[in-house]
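The structure appears below as structure tokens.
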Amino acid sequence: MGQLVLSGRIRGEATTQCEFTISVNGSAVSATAVVLDQSVFTVPDASAQIEIQAASFEPAKYGTVAARLEIDAFGSVQPTFLPDGWEPPTVLPSPLGLTTVMVVHFSPLRDATETARRNLAQSGPDYPGSPPAPPPGDMTFRSPPVPMPPDVYSPLPQVTDTAFIGSPPIADGRIAVEQRTVTPFGEVLVLRLPGVGAPQLVAVFWPAEVPRQPGAPPAPFLVFFRPAAAQNVPNGFFKDPRDRHDPMTNDTYPWGWDYQFFGLLRPLRYMGDPLLEFPPAKGLVHQIQASGRKVVLVLPLPRADDRTCDEITSFGEAVFLQEYLEEIQAFMFRRAGNFSFGPIGRLAMGSFSSGHALLSCFLTNPANQNHPLLLDALQEIYLFDPHADQVSVTRTPLTHVAAWATRGAAATKIARLYTQNDPVQLAPVLSLFGMVSGQAPAHAETPDGRKSLTALPMAAWKSLAERLQGSVPYTNSAQVHEVIPALMLTDALRRSGF
């Protein structure tokens, strides 16, 4: 006879907060011994099919993880079902016969990529506007210029002859763009956070250039906050009861088509040239690839709520966010055969439009003020047109960023603002960063280059569109508002510390 020794890990540490059960050739087998975190089972040394169930004592968070082994007639042990959380079995000789040692790493994350992909289908009775129901609100944005659902979620497609911001972004007093072909190299996943109110889903882009094999260093992260969802509800988005919903609760979050499309897919990829389409998809993944910087994108899915901070409740808490960024890193490491667990690397945050309010929920949360994630790990913040042409609203997140920039590892922190606001009207807040800006379009920065303002007014975009004979005239602030994040993340990352 042989032995099967099973143990569990939570956040990289051995745990007794789990229970193992197994069956051999269809019959349940009890553990012969439980010593600290190890459960020992006696198993045949040949011709056996072994089913393993590892159950956490926190089922809502960690659930139950299964595995299957086969011991052939010659005593060779082979896994026949081994999810990413399991380390490959180690087989050791012992006086009692072969001992097979297995370790499971419990994770609070679930791969929901295929479910997210399927829920992007534009057919069926649970798609908003499907016949015979009349469409809710403006259906224009629900007619994307690309097939839905996509054949696969990852890899995202190449874009050809597409506008990307130039380097530098302003040359000879004009906005500079260049036509490029960009192919994202890396893995895109949608991960579910069970038992969490919001965000229940995050999209992750892990570039191929960010190492994750055994021995890889801590990974750098960019957490990007898309606009808050509640502002779109009056126009028939996110909460329309005809959208895909939970049959028990009738809740459209998180699997409704609007949440999947506007909350995740559209921010991730381009769907046409961002300079020539309105409103442009944001292409965060394509922009990261174009920047040449190595950083992992995490895009939380907000939940429409009258209270802004409740749209991303958990991501407003430094303790929670640190735990889950570390868990995302560990989840992706394990997919590459790396079972180490540890802290993340450099952290950046970005926000677009009312997403600045979600970012402010994190920056101003009293519980976060002495947490090392806010003080030290968070090294870069990018604001993309915080509130179109409303200068008074733009000043609010700038004030919060200015306060963050003076605390903790202040000497190395980076802050970028991209705005269509007149920089003269922002002068009182810019002075907090030691910056003075001239006439827009303009780029101003501190002597060390770590704090900067890029002013991109409507007239400059209109001139660019006329020069390129584009179809979007850029004659209103909404058009400018949408194009800024669709192009300028590339610039922020080019001048980042990543």
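Fair warning: this is a prediction, and the values are worked out from it, not measured in the lab.
Using a cut-off of 4.0 Å between Lys/Arg side-chain N and Asp/Glu carboxylate O, Glu445 and Lys451 are scored as not salt-bridged. For Glu482 and Lys282, the salt-bridge test passes: some basic side-chain N is under 4.0 Å from an acidic carboxylate O. Taking a cutoff of 4.0 Å between a charged side-chain nitrogen and a carboxylate oxygen, Arg242 and Asp240 qualify as a salt bridge. Arg307 has a carboxylate O that lies under 4.0 Å from a charged side-chain N of Asp305, or vice versa, which qualifies the two as a salt bridge. A salt bridge links Glu323 with Lys61: the closest approach of a Lys/Arg side-chain nitrogen to an acidic carboxylate oxygen falls below 4.0 angstrom.
The side-chain heavy atoms of Leu456 and Gln420, taken from C-beta on, include no pair separated by under 4.5 Å. Looking only at side-chain heavy atoms (C-beta outward), His286 and Gln158 stay at 4.5 Å or farther from each other. In this structure, the side chains of Leu191 and Leu201 stay at 4.5 Å or more apart for every pair of heavy atoms.
The backbone N or O of Ala228 sits less than 3.5 Å from a side-chain atom of Ser354, completing a donor-acceptor pair. One N or O on the side chain of Arg494 and one on the backbone of Gly166 form a donor-acceptor pair closer than 3.5 Å. Between the side chain of Ser360 and the backbone N or O of Pro397 there is no donor-acceptor pair closer than 3.5 Å. In this structure, Gln200 contributes its side chain and Arg303 its backbone to no donor-acceptor pair below 3.5 Å. Using modelled atom types, one side-chain atom of Ser431 and one backbone atom of Pro428 make a donor-acceptor pair closer than 3.5 Å. Thr249 places a side-chain N or O within 3.5 Å of a backbone atom of Asp251 that can act as its donor or acceptor partner. Under a 3.5 Å cut-off, the side chain of Glu187 and the backbone N or O of Phe205 do not form any donor-acceptor pair. With Gln287 contributing its side chain and Ala486 its backbone, the two residues share a donor-acceptor pair below 3.5 Å. Between the Arg117 side chain and the Ser154 main chain, no donor and acceptor come within less than 3.5 Å of each other. A donor-acceptor pair under 3.5 Å is formed between the side chain of Gln369 and the backbone N or O of Leu363.
The shortest non-hydrogen separation linking Glu311 to Ala198 is O-CB, 3.4 Å. Here the closest non-hydrogen pair linking Leu301 and Gly263 is CD1-CA, 3.5 Å. For the residue pair Pro157 and Arg269, the shortest heavy atom distance occurs at CG-NH2, 3.3 Å. Heavy-atom minimum distance, Asp243 versus Trp257: OD1-N, 2.8 Å. Considering all non-hydrogen atoms of both residues, Leu378 and Leu374 come closest at CB-O, 3.9 Å. Tyr253 and Pro302 make their closest contact through CE1-O, 3.3 Å (heavy atoms, listed as atom of the first residue, atom of the second, distance).
With 3.5 Å as the limit, one finds no donor-acceptor pair spanning the side chains of Thr252 and His245. Remark: the Tyr382 side chain and the Glu380 side chain contain an N/O donor-acceptor pair separated by less than 3.5 Å.
Judged as a ring pair (Phe, Tyr, Trp, His ring centres under 6.0 Å), the pairs with a partner in residues 148-198 (not counting sequence neighbours) are, in order, Phe164-Tyr270.
Taking the ring axis of Phe237 as reference, the NZ or CZ atom of Arg142 stays within 45° of it and closer than 6.0 Å to the ring centre.
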Next item on the list: Using the side chain to side chain contact (heavy atoms under 4.5 Å, CB included) rule, take Thr419 and Phe384 through it: C-alpha gap first, then chi angles, then the decisive distance, then the call.
Entry: CA-CA 6 Å; Thr419 180; Phe384 299 98; over 6 Å; no
Next item on the list: Take Val295 and Val210 through the side chain to side chain contact (heavy atoms under 4.5 Å, CB included) test and state the conclusion after the steps.
Entry: CA-CA 7 Å; Val295 61; Val210 177; 5.9 Å; no
Note to self: One pair to check against side chain to side chain contact (heavy atoms under 4.5 Å, CB included): Gln479 and Tyr474. What are the steps and the verdict?
What the structure shows: CA-CA 6 Å; Gln479 292 170 334; Tyr474 293 102; 3.8 Å; yes
Item checked: Worked verdict on Val472 versus Trp461 for side chain to side chain contact (heavy atoms under 4.5 Å, CB included) -> CA-CA 10 Å; Val472 181; Trp461 292 104; over 6 Å; no
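Using the six-membered ring where Trp is involved, Phe333 and Trp206 have ring planes that are perpendicular, over 60° apart on the 30 and 60° scheme.
Residues Phe352 and His481 bring their aromatic ring centres within 6.0 Å.
Among Arg335, Arg110, Arg212, Arg334, the single residue meeting the salt bridge (charged side-chain N to carboxylate O under 4.0 Å, His left out) criterion with Asp84 is Arg335.
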